[in-house]
Amino acid sequence: MTTPRTAQTAGRTGPPEEIKAVPVRHPGRWLGAAVVLLLAAMLAHTLMTNPRFQWDIVGSYFLSRRVLEGLELTILLTVVAMAIGIVLGVILAVMRLSPNPLLSGASWVYIWLFRGTPVLVQLLFWFNLAFLYPRISLGVPFGPSFLEANANDVITALTAAILGLGLNEGAYMAEVVRAGILSVEHGQVEAAQALGMSRIQTMRRIILPQAMRVIIPPTGNETISMLKTSSLASVITVTELLYAVQLIYSVSFQTIPLLIVASLWYLIVTSVLTAGQFYIERYYARGSARQLPPTPWQRIRRYLFTFHAPPPPAQPPSGEGR
Amino acid sequence: MITPAEATPPVHGAGGPPMVLAEGVHKRFGRLQVLCGIDLEVARQEVMCIIGPSGSGKSTLLRCINHLEKINAGRLWVDGELVGYRQQGGKLHELREREICAKRAEIGMVFQQFNLFPHKTALENVIEAPIRVQGLSKPHATELANELLYRTGLSDKADAYPKQLSGGQQQRVAIARALAMQPKLMLFDEPTSALDPELVGDVLAVMRDLATSGMTMIVVTHEMGFAREVGDTLVFMDEGTVVEVGRPREMLSNPQHVRTRAFLSKVL
């Protein structure tokens, strides 16, 4: 499509003269930057000169077998608990929005119960389930049972941790998913229904994909939070990252360096998760904006380009360009 | 309330039952009475335009025909079959979700706000229902969709997302999406009211083509020009009732009812 030249450019040759003006100075910003730099220098200085950080010990344990095994267990706990949480969250959210009062009521009670008690208490509860139900059986309700086992054999420390973290996460994810579903315009449901799509098809094909845009950022938050909350499993003797380093320093008394080892690993995994979240968000943003947001690399490249070269002249209104 | 007596559709002539037949249709939301006894008949291949002030129940009537709303009293038939119910042994039975979906699939609907699926491209919007509801294969549905996008003048926009399209283009995709289900009846709910004035023409042109091709259409609109040129019947609704029905030309130039006259004097 070509549009006619506007009045200003018509009858003139060459691009218009770019404005060159003296920029406004910002002394406040310079002062703020100086304070930040000073604090950063102090931090770097103490990190490097305080021998009690014992960086050599940090280095020697950073890739040790026991730490890596703990890290592995932490990641496993996070992934499995989040998977349970997300599946449960979707089910609870759909139940909560159901016109059936029993279903929505059940969902409300679940969320109330699991969000209303500390996750640490829940973990201890699952860990000690054998006190409440010494034997666990699988069978017809109020009828015969097919499978029966000792609760202490079924509920190990790890399964207690997975159950506790996963079921608790389900309550939070339910609210996240519900907010996502409610964020989709009602017209979308009507359009899908008018085309003859069933309630399930509408939910799966039309509502949830759009709700994802609202669901993903808090889910990323929840995942990062779960990574750190999984350290609570240390109290029920699951040797995840924190408990693994605790076991080491309880013998060697190198408390601070080992806590730094754990912290560094938590930071590394969190950073990886943050990057992953960015790309998932970008995927679900398709169609919601005219252009997808740039990836960090694109952004850096653009920044470097505009930093060294003057900004490109504004696009002339006519389609001919330069 | 709906009573089972005299719930058989009156049959007219040789062309089968009328496409839409409404008898004493009532609809209320809570205590608000929106439709108060609507009697209407839309013949096959007829283009009916409905005008009236906002809040007169025009949109609600369309939504009832598609069973997006349940009626509270009266009878509504589409193509000789009751909307939302089945008559069995002198009793009315509510239809199952599957049966309601099957009936909705035969009626196309175009909304004022387009309601395109924003996470799908124009082509994906059009092929979604034929694949998921009618079970068409993807190549078959795509072929059909491309033909419809060509008819609506959007061949080059198949891979664009709704946000990248103008309002007029979005509405034409919405029409193509509805037509992809090969409906026997098309409902238009103020299809051009959300459009910039210069984009209205393209959408009306597509609707005019559709009317020429023999589609039965019910159009709620404020476009009096379209009603005059394309409509076979014009209906004026006010406060949940049909005030006047007639030929568009005659009614627009010489309205019989005082309320019609008052309304037309404001919009013409």
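This one's a predicted model, so the numbers in the text were calculated from it and none came from an experiment. Letters go in sequence order (proteins before strands), and every chain restarts at 1.
B:H26 contributes no side-chain N or O that, together with a main-chain N or O of B:V34, makes up a donor-acceptor pair within less than 3.5 Å.
Comparing B:M109, B:M181, B:E97, B:R132 by how many heavy-atom pairs each has under 4.5 Å with chain A, the most go to B:R132. When each of B:L187, B:L116, B:I100 is scored by its heavy-atom pairs under 4.5 Å with chain A, the top score falls to B:L116.
Residue B:L68 touches chain A through its side chain alone, counting heavy-atom pairs closer than 4.5 Å. At a 4.5 Å heavy-atom cutoff, the contact between A:Q193 and chain B is made by backbone and side-chain atoms alike. When heavy atoms are compared at a cutoff of 4.5 Å, B:F111 approaches chain A solely by way of its side chain, counted from C-beta outward.
The minimum heavy-atom distance between B:Q134 and B:A180, with the atom names listed, is OE1-O, 4.1 Å. What you find for A:R96 and A:R178 is that their closest heavy atoms are CG-CD, 3.6 Å.
Taking the ring centre of B:F114 as origin, the terminal cationic atom of B:R177 falls outside the region bounded by 6.0 Å and 45° from the ring axis.
The aromatic ring centres of A:Y279 and A:Y283 sit 6.0 Å or more apart.
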